[in-house]
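Only one structure is covered here, and it is reproduced in the block below.
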Amino acid sequence: MEILFAILRILFFPGLLFVAVGGLLLSGIDRKVLSRMQRRVGPPIVQPFYDFFKLMGKETIIPHHANRTVYLWAPVVGMVSLAVTMLFIPICGFSAFSGTADLLVVLYLLTIPAVCLIVGGSASGSPFAGVGISREMVAMMSYELPLVLVLLSVARQVGSLSLQDIAAYQAANGCLLFHWSMIPAALAMLLVIPAEAGCHPFDVAEAETEICEGPLAEYSGAPLGVFKLNHAMKLFVLTALFCALFLGGITSGIAPVDVLIVFALCAVVMIVCVTLLHGICARLRVEQVFKFYWTVVTGLALVSLILAWFGL
């Protein structure tokens with residue numbers, strides 16, 4: 001029975017199906033809010049579901065010079081890593097997996113989808129993919145440092161690298177978002193999310209108008225659909241991680257159904273913030289992304305780390 005429950009957690013809640021549906025819904029809300037900002041009606045919120053199933057039914061064209069195995073398996077590995085990441089993040093006070101340092105596990109797992117995008121793009125052999133790969137590597141070096149500092153700040157404040165301990169600390173002491181020393185870290189995390197998920201204006205690796213989707217230039221059919229799903233899933237996972245790190249105490253003492261409602265409201269508010277950034281900013285250049293994250297965002301995260309380190 002334990003094996004059966006473990007399989008159900010991995011496949012349904014809080015695993016693959018939960019992350020996929022939640023991510024596609026957030027993508028639909030993102031597109032709807034952006035269209036309203038531009039005074040358009042926009043597509044329905046369920047449009048990402050239609051797009052995904054349409055791509056899954058399309059023909060997959062593999063370039064003759066591509067590495068077939070790597071080309072096809074790269075998006076699948078990225079999708080699996082995101083589903084596994086969600087198993088460590090507490091939802092409703094429950095996580096399928098937990099450990100003494102699962103925060104570090106989550107950090108490593110979150111880098112796998114970007115690595116899969118790089119590997120899959122290189123396997124396609126496209127010159128546009130080569131440009132996109134170099135941009136993706138620069139972007140990774142830009143946002144990974146502030147993300148590490150944010151996680152270290154939270155761990156130092158709580159005194160543990162366990163997400164369950166972080167949730168328990170917030171249930172007893174209130175949300176970390178309301179601790180003034182953690183406010184810079186929360187702002188840094190909000191700025192890291194769009195870059196980590198490859199959202200505008202930080203989508204330098206897949207700039208459609210410049211390098212034709214970069215690493216995805218040669219992808220079509222089901223592999224392209226899985227890569228698009230990975231983008232939506234990563235947005236959802238990062239949103240859930242933010243809620244676990246900074247809003248974990250907001251759901252203490254209420255019913256599980258109400259917890260899901262509160263979590264959904266927090267996720268919607270966060271995606272609206274990301275969409276507002278999308279709507280008001282033009283795409284940044286690669287060097288601008290690097291400079292922004294290594295100065296402004298890293299500075300915010302470093303301030304929180306110093307304050308938490310000295311217990312201020």
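All values below were derived from every heavy atom in this structure, side-chain atoms included, with hydrogens, water molecules and symmetry-related copies excluded. Everything numeric in this text was worked out from a predicted model, so none of it was measured.
- Between His179 and Tyr169, the angle of the ring planes lies from 30° to 60°, which puts this pair in the tilted group.
- Crowding of His64 atom NE2: a count of heavy atoms from other residues, nucleotides or ligands under 6.0 Å not exceeding 12.
- In this structure, Val297 and Tyr143 have side chains that are not in contact, with every pair of non-hydrogen atoms separated by 4.5 Å or more.
- Qualifying side chain to side chain donor-acceptor pair (under 3.5 Å) partners for Lys32, counting only residues two or more places apart in sequence or in other chains: none.
- Val106 has its side chain within reach of Leu241: a pair of non-hydrogen atoms, C-beta onward, lies under 4.5 Å apart.
- Side-chain atoms of Thr298 do not come within 3.5 Å of backbone N or O of Thr295 as any donor-acceptor pair.
- In this structure, CG in Leu191 is found 4.5 Å from CZ in Phe292, a value given to the nearest 0.5 Å.
- The side-chain heavy atoms of Lys58 and Leu224, taken from C-beta on, include no pair separated by under 4.5 Å.
- Side-chain contact check for Leu300 versus Val303: every heavy-atom pair is 4.5 Å or farther apart.
- Counting only heavy atoms from C-beta outward, the side chains of Phe49 and Leu25 approach each other to under 4.5 Å.
- Distance check: Leu284 CG to Phe202 CZ gives 5.5 Å after rounding to the nearest 0.5 Å.
- For Phe18, the CZ atom sits in a packed shell: over 12 heavy atoms of surrounding residues, nucleotides or ligands are nearer than 6.0 Å.
- Expressed to the nearest 0.5 Å, how far CD1 of Ile133 lies from OG of Ser122 amounts to 4.5 Å.
- When all heavy atoms of Ile118 and Met140 are compared, the closest pair comes out as CD1-SD, 3.8 Å.
- Asp203 places no side-chain N or O within 3.5 Å of a backbone atom of Gly198 that could act as its donor or acceptor partner.
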Next on the checklist: Could you go through Ile112 and Leu82, starting from their C-alpha distance and side-chain angles, then the distance that decides it, and tell me whether this counts as side chain to side chain contact (heavy atoms under 4.5 Å, CB included)?
Outcome noted: CA-CA 8 Å; Ile112 294 178; Leu82 289 169; over 6 Å; no
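- Rounding to the nearest 0.5 Å places CG of Leu302 at 4.0 Å from CD1 of Ile306.
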Checklist entry - So Glu287 and Val138, side chain to side chain contact (heavy atoms under 4.5 Å, CB included) or not? Walk me through it. => result CA-CA 9 Å; Glu287 71 275 10; Val138 172; over 6 Å; no
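- Gln170 places none of its side-chain heavy atoms less than 4.5 Å from the side chain of Leu247.
- Checked by atom type and distance alone, the side chain of Asn230 pairs as donor or acceptor with a backbone atom of Pro75 at under 3.5 Å.
- Summarising the local packing, CZ of Arg39 is surrounded by 12 or fewer heavy atoms from other residues, nucleotides or ligands at distances under 6.0 Å.
- Here the rule is side chain to side chain contact (heavy atoms under 4.5 Å, CB included) with Leu245, and of Leu176, Val158, Leu103 only Leu103 fits it.
- Counting only distance, with no hydrogens or angles, the side chain of Trp294 and the backbone of Pro146 share no donor-acceptor pair below 3.5 Å.
- Cluster membership for Val115 and Val237, using ILVMFWY side-chain heavy atoms within less than 4.5 angstrom, is shared.
- For the pair Val76/Leu72, no side-chain contact is recorded, criterion being any heavy-atom separation below 4.5 Å from C-beta on.
- With hydrogens and angles disregarded, a donor-acceptor distance shorter than 3.5 Å links the side chain of Lys234 to the backbone of Leu110.
- A donor-acceptor pair is defined here as one N or O able to donate and one able to accept, closer than 3.5 Å; such a pair exists between the side chain of Tyr71 and the backbone of Glu218.
- Leu55 contributes atom CG, which lies 15.0 Å from atom OH of Tyr50 (distance to the nearest 0.5 angstrom).
- Ring geometry, Phe246 versus Phe242: the interplanar angle falls from 30° to 60°, so the pair is classed tilted.
- A distance of 12.5 Å separates CH2 of Trp73 from CZ of Arg68, quoted to the nearest 0.5 Å.
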Checklist entry - Asp51 and Arg31: salt bridge (Lys or Arg N to Asp or Glu O under 4.0 Å), yes or no, with the steps? => result CA-CA 13 Å; Asp51 295 340; Arg31 295 174 65 174; 2.9 Å; yes
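- Checked by atom type and distance alone, the side chain of His278 never pairs as donor or acceptor with a backbone atom of Cys199 at under 3.5 Å.
- Side-chain contact check for Leu26 versus Thr239: some heavy-atom pair is nearer than 4.5 Å.
- Remark: the backbone N or O of Val204 is paired with a side-chain donor or acceptor of Arg135 at under 3.5 angstrom.
- Tracing side-chain contacts under 4.5 Å through hydrophobic residues (I, L, V, M, F, W, Y), one never reaches Leu216 starting from Val131; they form parts of separate clusters.
- Looking only at distances, a side-chain donor or acceptor of Ser304 sits under 3.5 Å from a matching main-chain atom of Ser181.
- The backbone N or O of Arg285 sits less than 3.5 Å from a side-chain atom of Gln288, completing a donor-acceptor pair.
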